[in-house]
**Student:** 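Have a look at this one before I ask anything.
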Amino acid sequence: MHALLPLLLLATPTFAAERAPVPARATLAQLEAAHDRCKAATPNGDRCLDLQLALARALIPTDPDRAAKIADRARLDLNWVFNAVSTRLRPLHDKVDAGTITPAEQAVIDRAGKEIAPLWLEMADVNEIEGDAGVRGGTAFYRASASRFLTAVSIRRNSGTTPAHARAQFRAAAKQIDSYIDSPGIAEALPVARQALIDVTAAFGANDPATARIVLSLADVLTGMGQTAEAEPLYDRALAGLATQPPEVLLDARARKARFLAVLDRSEAAEQLHRAVVADLLKTKADPDRIARAYIDLAPLVAPSEGLTLASAAITLRQEQFGAQHVQTARAKVAYARLLDQYRRPGESAQLWREAIPVLERHLQLTHPETATAYLDWGYTLLSLGDLPAAEATFATARKSLIQAFGKRHPLTGRAMMYESVVMMRLGKGDWLGLMRAAVDIVRETRPATHMERVQAELAYAGILLYAQGDAAGALAQLRIVTRAGLDRSAAYRDFGSRAQKELRDFGGIFALQVRAAWDTAAQQKR
């Protein structure tokens, strides 16, 4: 009987099943019907795999949770095939281990390996779909999605045989890197991104779109880590490399550069680019979630009435698409609340914070950057409302969470410390001045002199020196830093139009305060 084993295996049909076809140009309903019929007839194995992958991809935009479940079932079906093959070949592998394998028997093992190899590449597809569904749903912990993308990268690197496989590998690599952006583990993405850039450049050259996509992800990682000087030229390099790609790819790259410009406080350039992105998204009738994100990006850069209208529209779009308790809807509410706070309407923003923060914390955890930053801004709302005990507790929570998310020397950590010191001063608690000085040092270290966060920090410290400490000379030196920054900010505009004039008007009170500090300094020197 054992002598007949290789002949029996050689006569066995192929290890992978003949696939059920995917209907051409099928609607979602037609895909679902074909998928359900196939699985009813063939519960196990890979016969329905093409239908499973097609249906899962189609469901990602509207029902990512179900897409993930279908992909997970596809994973189980592939594993069923792998296990079945392993069981059938175990006697031959035992003979390999014993050194008694014959050429005919080895040929059976080799044939099985060739037939199974494509299934591994389909397992990579399954992992990428699961990662995409986690990102789209907004509820998957960032490491879960990153792990799925990493598995797809590893399989394609080890089993891929064509340039298309290599492109798919680097596509998943870019998604893996992106999973870490705005997450507590962003620093982990930097070496991954740098190595991916080396590998993709070696595979396709410096100017290929696959390389440009990795460059874009690297730029966002550097921006998230505060390394904006290195990041800046990478955005233009990425845009140049992606110029021939489909419109949605180029739109995403332009939106990322616009967000980078906003981070640098180049509001005029950021607004222009964001407006162009919004116009193109509306023109192409893009995914509502992408439109909502574009509205949220643009809203802080425009006049209050337009900004609030955009933010409100973003909430409506996401609530209709995802529901009230979805993390994407919570993100839109956070954006609206921040605008209301910016326009000094904390009474209206308070309810939005109360609705959004529990959703963020439930889905993303407390140490996620979005949750930590939301606590920071919620604390500012409470401070504006005069609820000092609640503000103190909220700022303390924000500071601890931001340290976990970004580290001790991040500008957001510095901002949390600054607000916390203001509350401590008003409550008469602790070494608030030492905390303020430490906060200003962090902001100085991480923001250029003309950045609004730096300007606000320098101004707050000047006010403390003048009013709380009575140090007119120290306050004068601080205010000179602030007014110099104001002049430099205005000079950065292309002309002395309405924006530059508004900038100087906003600084008018600070110039007056500088004059008062100069008078007080002169008076103190005469004593």
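Here the structure is a predicted model, which means the values were calculated and not measured.
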**Student:** Tell me if a side-chain donor or acceptor on Q524 pairs with a main-chain N or O of G470 at a distance below 3.5 Å.
**Tutor:**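 It does hold such a pair.
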**Student:** Knowing that exactly one of T329, D287, I291, D289 qualifies, which makes a side-chain contact (heavy atoms from CB on, under 4.5 Å) with L317?
**Tutor:**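 So the option named by the test is I291.
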**Student:** Is any side-chain heavy atom of Y375 closer than 4.5 Å to one of S401?
**Tutor:**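 No, too far: nothing below the 4.5 Å cut-off.
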**Student:** Any salt bridge between D252 and R256, counting N to O under 4.0 Å?
**Tutor:**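 R256 and D252: salt-bridged.
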**Student:** So that I can tick it off, tell me whether R290 and D280 are bridged by a salt bridge, with the cut-off set at under 4.0 angstrom between side-chain N and carboxylate O.
**Tutor:**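 No.
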**Student:** Between K429 and E420 (salt bridge meaning N to carboxylate O under 4.0 Å), is one present in this structure?
**Tutor:**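 No, this pair does not count.
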**Student:** Show your working on side chain to side chain donor-acceptor pair (under 3.5 Å) between Q176 and R148 and close with a plain yes or no.
**Tutor:** CA-CA 8 Å; Q176 177 197 355; R148 297 301 192 205; over 6 Å; no
**Student:** Is a side-chain N or O of S312 found less than 3.5 angstrom from the main chain of T309, in a donor-acceptor match?
**Tutor:**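 Flag not set: sc S312 to bb T309 has no pair under 3.5 Å.
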**Student:** Determine, stepwise, if the pair D178 / R213 fulfils salt bridge (charged side-chain N to carboxylate O under 4.0 Å, His left out).
**Tutor:** CA-CA 11 Å; D178 290 348; R213 182 62 184 81; 2.5 Å; yes
**Student:** What do you reckon, is CZ of R362 surrounded by more than 12 foreign heavy atoms closer than 6.0 Å?
**Tutor:**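 Result for CZ/R362: enclosed.
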**Student:** Ion pair present between D265 and R489, side-chain N to carboxylate O less than 4.0 angstrom?
**Tutor:**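 Result for this pair is yes, salt bridge flagged.
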**Student:** Is it true that R484 and D488 make a salt bridge, defined as a side-chain N closer than 4.0 Å to a carboxylate O?
**Tutor:**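 A salt bridge is present here (some side-chain N lies under 4.0 Å from a carboxylate O).
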**Student:** Output yes when D520 and R516 qualify as a salt bridge under the 4.0 Å nitrogen-oxygen rule, no when they do not.
**Tutor:**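 R516 and D520: salt-bridged.
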**Student:** Could you check whether R293 pairs with D297 (Lys NZ or Arg NE/NH1/NH2 to Asp/Glu carboxylate O, under 4.0 Å)?
**Tutor:**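 D297 and R293: salt-bridged.
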**Student:** Going by the angle between their ring planes, with limits at 30° and 60°, are Y380 and Y419 parallel, tilted or perpendicular?
**Tutor:**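 Aromatic pair Y380/Y419 classed tilted.
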